[in-house]
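Reviewing the structure listed below.
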Amino acid sequence: MSFSLSELLLISAAYLLTLFGVAWLSEQGLIPQRLIRHPLVYTLSLGVYASAWAFYGAVGMAYQYGYGFLACYLGVSGAFMLAPVLLYPILRLTRTYQLSSLADLFAFRFRSTWAGALTTLFMLVSVLPLLALQIQAVTDSVGILTQEPVKARVALSFCALIMLFTILFGSRHIATREKHQGLVCAIAFESLVKLVALGGIGLYTLYRVFDGPQGLEQWLLHQREVLGTLHTPLQEGPWRTLLLLFFASAIVMPHMYHMAFTENLNPRGLASASWGLPLFLLLMSLAVPLILWAGMHLEVATGPEYFTLGVGLALENAPLTLLAYVGGLSASSGLIIVLTLALSGMTLNHLVLPLYQPPAEGNIYRWLKWTRRTLIIAIIAAGYAFYRMLDASQNLSNLGVTAFVATLQFLPGVLSTLYWQTANRRGFIAGLLVGMTVWLGGMMLPMLGNLQDVHLPLLNFVYALDDTSWHLAAITSLAANVLVFSLVSIFTEPSPEERSAGEACAVDNVRRPQRRELLATSAQEFAARLARPLGARTAQREVKQALRDLHLPFDESRPFALRRLRDRIEANLSGLMGPSVAQDIVETFLPYKTASEDYITEDIHFIESRLEDYRSRLTGLAAELDALRRYHRQTLQELPMGVCSLSKDKEILMWNRAMEELTGISAERVVGSCLTTLDPPWRNLLEDFVQRSDEHLYKQRLSLDGQMRWLNLHKAAIDEPLAPGSSGLVLLVEDLTETQLLENKLAHSERLASIGRLAAGVAHEIGNPITGIACLAQNLREEHEDDAELGEISSQIIDQTKRVTRIVRSLMSFAHAGSHTQASEAVCLADIAREAIGLLSLNREGTEVSFLNLCDPGHCVVGDPQRLVQVLVNLLSNARDASPPGGVIRVRSEAVEQSIDLIVEDEGSGIPKAIAGRLFDPFFTTKDPGKGTGLGLALVYSIVEEHYGRIAVDSPADPERQRGTRIRVTLPRHVDMAPVP
């Protein structure tokens with residue numbers, strides 16, 4: 001049974017078009033986001049690990065290494081089961097600092113362009129056998145099915161189609177913050193196809209070839225040498241080395257790093273993948289022994305590597321054979337797409353951009369996109385060229401092992417990034433060079449030396465690439481790498497930048513680089529400075545993106561926020577151009593000030609935010625210390641006194657809630673900024689106090705919003721915990737306004753009481769002379785009764801003395817009103833209104849108004865006349881103060897059943913609703929200091945309550961004109977009141 005080339009090409013095109021459709025539907029949003037971001041899709045996308053080498057080569061490995069073939073599944077499973085200590089920290093770094101590849105990670109960790117460049121260069125060389133393996137698997141499959149020599153044409157066509165798909169759906173976005181949803185869904189679909197294909201073939205062979213599990217058991221009993229062959233390599237073979245290779249591949253292989261970290265759509269998906277991927281690989285591995293035994297039982301004509309295809313051919317089952325072909329095509333295409341996408345980004349960031357940067361005048365984004373697409377074509381072409389050079393002289397196992405051993409050399413760098421903060425770039429580069437040199441000499445060059453047209457006589461001393469010696473080259477290269485890396489790092493010192501990056505990359509990192517002052521003082525200045533290397537349009541876009549990421553306004557100018565903005569811009573540029581180029585741009589155009597004094601401290605804001613993130617992970621003493629920190633900080637936050645903590649450079653580190661209420665400035669706005677950025681008058685007050693030598697400042701007056709406030713200020717120097725020897729300041733601000741106003745009002749009330757007593761004494765002393773004057777005037781009138789003119793003058797004198805007497809009596813009564821006991825007599829409202837108006841008429845300093853006494857003379861209430869006069873005096877006084885010049889104030893009375901309403905109505909501006917509920921509160925006043933005590937209406941309310949009455953305020957009294965206030969005092973009616981005739 002055979003297939004025509006046109007049939008296979010049609011099937012291949014149909015499958016790849018289906019793959020295009022899945023990716024396109026995802027990109028267009030036609031697939032629900034909850035499905036795209038589901039952990040199952042992420043887990044299946046990690047199935048890109050199972051390339052053609054795992055789909056076809058796993059059977060060959062089982063034939064060669066027995067049960068040792070499980071190492072290719074167990075190694076990766078072990079890495080994902082260690083996700084909390086191995087994968088999660090890398091994912092955190094990738095998302096925080098936009099590190100899209102392993103080269104980015106090393107360039108960031110070791111702060112070295114050479115680290116990223118060498119990683120990229122060696123990775124390109126390392127994966128050439130893996131790329132060639134995928135191409136060879138597809139071409140060999142087509143050759144087996146067609147039984148024609150068509151490898152060259154098939155390989156070229158396959159590479160062209162893969163180039164097109166990778167360009168269309170892999171490089172549509174440049175920055176790593178923009179994920180390729182279509183690519184993730186397409187790779188997940190491919191993994192599902194591989195699982196169905198391999199599992200379907202395994203089940204079919206179990207029931208079609210062996211007639212079920214019992215038939216397989218009977219066959220194995222008669223073929224004991226088969227089981228012995230499977231067990232023997234576990235005792236003698238290099239399965240432990242295989243386990244290490246595949247453990248490392250889960251992290252360092254470019255396609256695994258890209259799908260696990262760079263294209264991670266949902267960080268929570270990694271938790272599901274930590275058990276989901278091992279389960280996926282377990283399901284795939286179950287079919288491998290079945291296919292191997294079926295191929296041996298059927299004596300399939302193909303080699304063990306292609307038993308997956310050969311079983312269908314031997315059974316002459318076309319659908320089964322085509323299912324195997326599609327599964328192999330899926331495995332090969334998925335790996336090439338993701339691998340070349342990852343390598344193109346690494347090459348662009350670490351080989352192209354350090355040598356040539358696009359001009360700022362052009363469209364940088366477009367240049368980066370097309371350059372990356374060109375690199376994708378170049379990398380796939382290099383894989384094709386390597387495949388043609390080998391000309392299928394190596395089997396799939398050798399090609400795969402060669403690639404995995406090469407990438408094993410990057411494992412020490414990954415582990416040191418997470419767990420060895422003192423490792424440095426010299427050690428990493430030296431170890432990598434030594435390890436790769438051993439690999440080249442022990443595995444890569446012998447592979448090329450075995451070619452018929454290539455003669456390398458100098459390689460006679462190195463190991464031959466076969467199943468008995470490759471693991472020696474692997475162990476030797478890794479041991480040399482680790483030894484040199486360790487020795488060089490131990491005997492050389494890391495740079496300050498490396499030390500800082502090492503702290504940021506550490507698994508238990510809760511620290512942050514220094515708090516220093518930037519030359520740029522605003523986000524707008526950031527954009528202006530970055531316009532030189534990036535162009536104005538690109539710089540503006542990147543600054544706005546970073547501000548959106550941090551939820552900061554575009555007019556941001558706080559030093560703390562600007563430091564965060566600088567770090568975010570560097571991270572975003574790292575995702576765009578790689579960490580090395582991003583670091584150079586940011587350090588060149590957004591530099592820190594070179595301080596004349598050695599004052600650099602850690603960023604306490606970032607430390608606290610990281611402690612909050614790590615709160616659930618802290619245990620033991622660390623958790624107790626964090627709880628104590630939180631308790632003390634909460635104490636300061638809730639302290640009923642303003643607390644402001646300053647660093648030595650006057651940056652505000654703390655601004656508690658009392659300070660927010662006192663100043664009206666939120667902590668979110670002010671924390672992290674300099675003291676000089678505060679709004680006046682607080683800036684002047686605090687700056688002056690900080691510069692003073694006094695540690696205390698009492699009853700400092702501050703005019704705020706037209707009102708005077710009194711404050712006590714205290715300060716104390718403190719040593720900054722993160723920079724011993726550097727002193728900051730803590731300021732305490734105590735608001736004494738209410739206390740001071742209370743003291744002023746009490747003093748004012750006491751002065752009024754003193755004046756009242758003085759007035760009573762003066763009135764008493766005036767009474768005797770006035771009586772004498774009245775007597776003399778009366779005698780004079782009686783003695784000169786015949787003199788009309790003199791009699792009229794005498795009568796006028798007597799009338800004026802009576803008036804003075806009434807005024808003096810009123811003053812005496814008003815001065816002693818508060819000391820009298822409660823009286824219960826009939827009080828005529830018209831009389832007390834006349835007396836109150838008369839008293840107010842004595843004060844000529846108030847507004848000129850007219851008082852109208854409209855009270856009914858027959859309306860009497862029960863009460864104390866003098867205290868009721870005091871009520872009316874206060875109400876009329878307030879009405880006069882609120883009235884315009886020439887206004888009219890009316891006092892009238894109304895009878896309501898068993899009570900009388902005394903009504904005072906003015907034509908003033910009315911009472912604002914905001915203060916209507918506080919009118920009768922003691923010491924509440926809207927008058928200027930010294931002009932009112934805030935006790936008048938409180939006293940009125942108290943007197944009315946003593947008379948068993950009530951008081952109501954209606955403002956505005958005239959709804960149409962929105963003016964005037966009407967105060968209604970309801971008092972008990974006197975029952976013996978005579979009816980009015």
Side-chain angles (χ1 to χ4, degrees), residues 1-3 11 40 44 47 50 52-74 77 141 144-145 190-234 239 275-331 396-397:
M1 183 182 67
S2 63
F3 298 85
I11 292 172
L40 178 61
L44 288 174
W53 183 78
F55 191 85
Y56 292 132
V59 180
M61 281 194 66
Y63 182 83
Q64 185 177 8
Y65 297 109
Y67 285 122
F69 86 94
L70 291 172
C72 70
Y73 304 110
L74 295 177
S77 300
S141 300
I144 291 171
L145 296 180
E190 283 196 326
S191 298
L192 196 59
V193 170
K194 289 183 291 189
L195 180 62
V196 170
L198 201 61
I201 295 170
L203 289 174
Y204 187 85
T205 57
L206 176 62
Y207 289 97
R208 176 65 177 82
V209 177
F210 298 108
D211 295 325
Q214 292 182 350
L216 175 62
E217 184 179 0
Q218 291 297 324
W219 183 81
L220 289 174
L221 289 175
H222 291 89
Q223 302 288 334
R224 292 185 180 276
E225 67 278 3
V226 175
L227 292 177
T229 303
L230 289 175
H231 285 91
T232 301
L234 290 178
W239 65 272
W275 60 266
L277 184 62
L279 179 60
F280 172 84
L281 297 176
L282 172 64
L283 294 176
M284 290 194 68
S285 67
L286 292 177
V288 172
L290 297 175
I291 295 172
L292 174 64
W293 294 329
M296 296 172 67
H297 176 65
L298 296 173
E299 297 181 354
V300 173
T302 63
E305 292 180 325
Y306 294 104
F307 276 1
T308 307
L309 280 172
V311 168
L313 290 173
L315 295 173
E316 295 187 353
N317 188 321
L320 188 68
T321 304
L322 291 177
L323 181 63
Y325 171 73
V326 171
L329 177 66
S330 176
L396 300 185
S397 295

Problem set entry | Within-4.5 Å side-chain heavy-atom neighbours: Gln218 and His222 | yes

Exercise. At their closest point, which heavy atom of Gly328 faces which heavy atom of Phe55, and how far apart are they?
Worked result: N-CE2, 3.4 Å

For this session: Can you sort out the partners of Ser77 under side-chain hydrogen bond (donor to acceptor under 3.5 Å, both in side chains), two or more places apart, ordered by chain and number?
Result: none

Problem set entry | Parallel, tilted or perpendicular, as decided by the 30° and 60° cut-offs, for the rings of Phe210 and His297 | tilted

Exercise. With a 4.5 Å limit on heavy-atom distance, are the side chains of Leu290 and Val209 in contact?
Worked result: no

Seminar exercise, completed: Residues Ala314 and Val300: closest non-hydrogen pair is CB-CG2, 4.1 Å

Exercise. Looking at Val311 and Gly295, what are the two nearest heavy atoms and their distance?
Worked result: CG2-N, 4.1 Å

Residues 192-206 side chain polar contacts: donor-acceptor under 3.5 Å, at least two apart:
unit_1 : atom_1 : unit_2 : atom_2 : d
Lys194 : NZ     : Gly47  : O      : 2.7
Lys194 : NZ     : Ala50  : O      : 2.9
Tyr204 : OH     : Asn317 : ND2    : 2.8
Thr205 : OG1    : Ile201 : O      : 3.2
Thr205 : OG1    : Gly202 : O      : 2.7

Enumerate donor-acceptor pairs with a distance under 3.5 Å from any side-chain N or O in residues 277-289 to protein atoms, sequence neighbours excluded.
unit_1 : atom_1 : unit_2 : atom_2 : d
Ser285 : OG     : Leu281 : O      : 3.4
Ser285 : OG     : Leu282 : O      : 2.8

Exercise. Taking C-beta and beyond as the side chain, do Ile144 and Leu313 meet within less than 4.5 Å on heavy atoms?
Worked result: yes

Exercise. Can you name the side-chain hydrogen bond (donor to acceptor under 3.5 Å, both in side chains) partners of Tyr73, sequence neighbours left out?
Worked result: none

Exercise. When rounded to the nearest 0.5 angstrom, what is the spacing between CG in Leu329 and CD in Glu190?
Worked result: 8.0 Å

Exercise. Do you know which two heavy atoms are closest between Thr302 and Gly310, and how far apart they sit?
Worked result: OG1-CA, 3.9 Å

For this session: Measure the acute angle between the ring planes of Tyr63 and Phe307, then classify it against the limits of 30° and 60° as parallel, tilted or perpendicular.
Result: perpendicular

For this session: Apply side-chain hydrogen bond (donor to acceptor under 3.5 Å, both in side chains) to Ser330 and list each qualifying residue two or more places apart in sequence or on a separate chain.
Result: Tyr15

For this session: Quick one: pull up OG in Ser141 and OH in Tyr56 and give me the separation to the nearest 0.5 Å.
Result: 3.0 Å

Exercise. Do Leu396 and Tyr306 have side-chain heavy atoms sitting under 4.5 Å apart?
Worked result: yes

Problem set entry | Sequence-distant partners of Leu40, side chain to side chain contact (heavy atoms under 4.5 Å, CB included), two or more places apart | His38, Leu44

